[in-house]
Amino acid sequence: MKNKAIKNFGKEAGSFFLEKALSIFKGDLSRETLQRKTALLGRLGVRLAASRRRIMLTNLRMAFPEWDHATIERTAGEAVKNICHGVVDLFHYAYHMDRVRDIVRVEKNGVLEELAADRRGYILATGHVGFFPLLGIPLVLNGIPFGPVFRAPHDKRLQIEFDKVVELAGFTNIPDRPPMTVLKRSLNVLRKGGGVMIAFDMHPADSPAIEVDFCGRKTPMFPLVVRLAARTGLPIVRTQVLKEADGVHYRVTYLPPMEVPPEAAQEGSALTGEILQDLASWLSDIILKNPEQYWWIHRRWRDLTP
C-alpha cells in the first residue's frame, strides 16, 4: 500500500512538473532561450523517465542485439531528449504559429503540392519516430484539414493542455478509441479533402492485430491504416518527420500516394497483411537508420495470444 502511494505521488509530481514546465514554453521566447530551456528539460526528462527506462533498454536490446550496454544507454538518453524537444516545440509553436515555418522544412519532391491541389483526402501513415505530430503543420498552413489519431494523456491536467495545443495548431483531434468515434471523426476530415494521420506501429491492446516483421522481430500491428484506405478508396501517404543534424529544424517528407485495393478492407484478407508488411518494412528502415529518434518508451513487442 505504501509503495502504491509513493508511485502515485511520483506520477502526480511528474505530471505537475511537466505541466508547469510546458506553461513556460508558451511565452514569447527567443530561439536561444527556447533551446537552452529545452535542453534542460531534456536532461531532466532522462532522469524522470525512470519508469520507462527498463522498457526502453529492453526494446533497444531486442532491436540491436549486437550493441554494447553503453551504446544502448546513450541511444535511450538521446531518444528521451528528442521526445522532450518535440513536445516543447509543439507546445511553443502552437502558440506562435507565425514562427513555425522557421523550424519545419518540407522535402521538395512535389508531393505536398499535389496533395494540396487534389483535395480528395488521404490516409497519412507514420510511426512514433522523429516528432510525427509536426507533419500536420505544413498541411494546415496550406489550408488542408488535418486529423491525427491520438491517444490522450491519462493525466487530466496534461490532457487539457494537449487539447488546447491541438486546437491552436488547427488540428482535428481524433481519439484512438472507441472504434466508431475514430471512424466518424476520420471520415469527417477525409470528406473535407483532408489527411488523417495514423501511427500504425502502436498496437491498441483491445484492437485486432496483424503480425508483421518489424525491426527484425515479429510484431502485432494496427491494420486500421490499410483498412480505412481500402474502405474509403483513398490513398495512403507515407510520412516522416525527422530532426535535422542541427538539432533545431525538422524535415517533413511526404511520399507519393499508394492506392489500396478495396479487397484489403475484408477481414482475413491476405492483401491487408501484405500492405501492412510493406509499411512496416519502410518504417523499420527509417528507425534502424535513426534509432535515437524512435519512441522506445512503449512496449513494442508483445505476444498476439491473450
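In this chain, residues are counted from 1 in sequence order.
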Show the atom names and distances, to 0.1 Å, of all donor-acceptor pairs under 3.5 Å that link a side chain in residues 279-286 to residues at least two apart or in another chain.
from : atom 1 : to   : atom 2 : distance (Å)
S281 : OG     : Q277 : O      : 3.0
S281 : OG     : Q277 : NE2    : 3.1
S284 : OG     : C215 : N      : 2.9
S284 : OG     : A280 : O      : 2.8
D285 : OD2    : K289 : NZ     : 3.1

When rounded to the nearest 0.5 Å, the distance separating CZ of R231 from CD1 of I123 is 11.5 Å
Nearest heavy-atom neighbours spanning G193 and I144: O-CG2, 3.9 Å
Got a second to check how far Y122's OH is from L190's CG, nearest 0.5 Å? 9.5 Å
For the side chain of D118 and the backbone of E114, is there at least one donor-acceptor N/O pair under 3.5 Å apart? no
Is there side-chain contact between Y95 and L168, with at least one heavy-atom pair below 4.5 Å? yes
Please report the closest heavy-atom contact between G273 and I210, naming both atoms and the distance. CA-CG2, 4.1 Å
Determine whether L60 and Y294 make a side-chain contact, defined as any pair of heavy atoms from C-beta on separated by less than 4.5 Å. no
If you compare all heavy atoms of V104 against all heavy atoms of P138, which two are closest, and at what distance to 0.1 Å? CG1-CG, 3.9 Å
Would N82 and F131 count as a side-chain contact (heavy atoms from CB on, under 4.5 Å) if you check the C-alpha gap in whole Å, the side-chain angles of each, and the deciding distance to 0.1 Å? CA-CA 8 Å; N82 283 329; F131 201 69; over 6 Å; no
Below 4.5 Å, heavy atoms only, C-beta onward: do I297 and M56 meet side chain to side chain? yes
R53 bridged to E73 by N-O distance under 4.0 Å: yes
Less than 4.0 angstrom from a charged side-chain N to a carboxylate O is my criterion; do K164 and E167 meet it? no
CG-CZ distance between D201 and R300, expressed to the nearest 0.5 angstrom: 4.5 Å
Value for CD (Q293) from CG (L242), rounded to nearest 0.5 Å, stands at 5.0 Å
Could you report the tightest heavy-atom contact between V165 and A94, atom names first, then the distance? CG1-CB, 3.7 Å
I236 side, atom CD1; L276 side, atom CG - distance, nearest 0.5 Å: 8.5 Å
Side chain of H96, backbone of K26: donor and acceptor closer than 3.5 Å? yes
If you define the side chain from C-beta out and look only at heavy atoms, does anything of F146 sit under 4.5 Å from L124? yes
Side-chain donor/acceptor pairs under 3.5 Å, residues 178-188, sequence neighbours excluded:
from : atom 1 : to   : atom 2 : distance (Å)
R185 : NH1    : N173 : O      : 3.0
S186 : OG     : V182 : O      : 2.6
N188 : ND2    : K184 : O      : 3.4

Do the ring centers of F171 and F150 come within less than 6.0 Å of each other? no
Without swapping roles, check the side chain of W296 against the backbone of P291 for a donor-acceptor pair under 3.5 Å. yes
May I ask you to say whether R74 pairs ionically with E292, meaning some side-chain N is under 4.0 Å from a carboxylate O? no
Under 3.5 Å, which donor-acceptor pairs do the side chains of residues 251-266 form with other protein atoms, sequence neighbours left out?
from : atom 1 : to   : atom 2 : distance (Å)
R251 : NE     : E244 : OE2    : 2.9
R251 : NH2    : E244 : OE2    : 3.0
Y254 : OH     : L135 : O      : 2.6
E259 : OE2    : R120 : NH2    : 2.5

Using the rule given for side-chain contact (heavy atoms from CB on, under 4.5 Å), can you reason through W67 versus T75, listing the C-alpha separation, both sets of side-chain angles and the distance that settles it, and then say yes or no? CA-CA 10 Å; W67 280 8; T75 304; 3.3 Å; yes
Check the angle between the aromatic planes of W295 and H298 and answer parallel, tilted or perpendicular using the 30° and 60° thresholds. parallel
Taking the side chain as everything from C-beta on, heavy atoms only, tell me whether L288 gets closer than 4.5 Å to F64. yes
Shortest non-hydrogen pair, V140 vs A169, comes out as CG2-O, 3.5 Å
Do any N or O atoms from the side chain of D246 and from the backbone of V248 form a donor-acceptor pair under 3.5 angstrom? yes
Straight-line distance of H92 NE2 to D28 CG, nearest 0.5 Å: 7.0 Å
Taking H249 for its side chain and D102 for its backbone only, find out whether a donor-acceptor pair lies under 3.5 Å. yes
Joint hydrophobic cluster, I160 plus F25, side-chain heavy atoms closer than 4.5 Å: no
Are any non-hydrogen side-chain atoms of V87 and L90 less than 4.5 angstrom apart? no
Do you know which two heavy atoms are closest between Q35 and G247, and how far apart they sit? NE2-O, 3.9 Å
Verify whether one side chain among Y250 and D89 offers a donor that lies under 3.5 Å from an acceptor in the other. yes
Mind running side-chain contact (heavy atoms from CB on, under 4.5 Å) on I103 and R31 for me, showing each step along the way? CA-CA 10 Å; I103 66 158; R31 172 68 63 79; 3.6 Å; yes
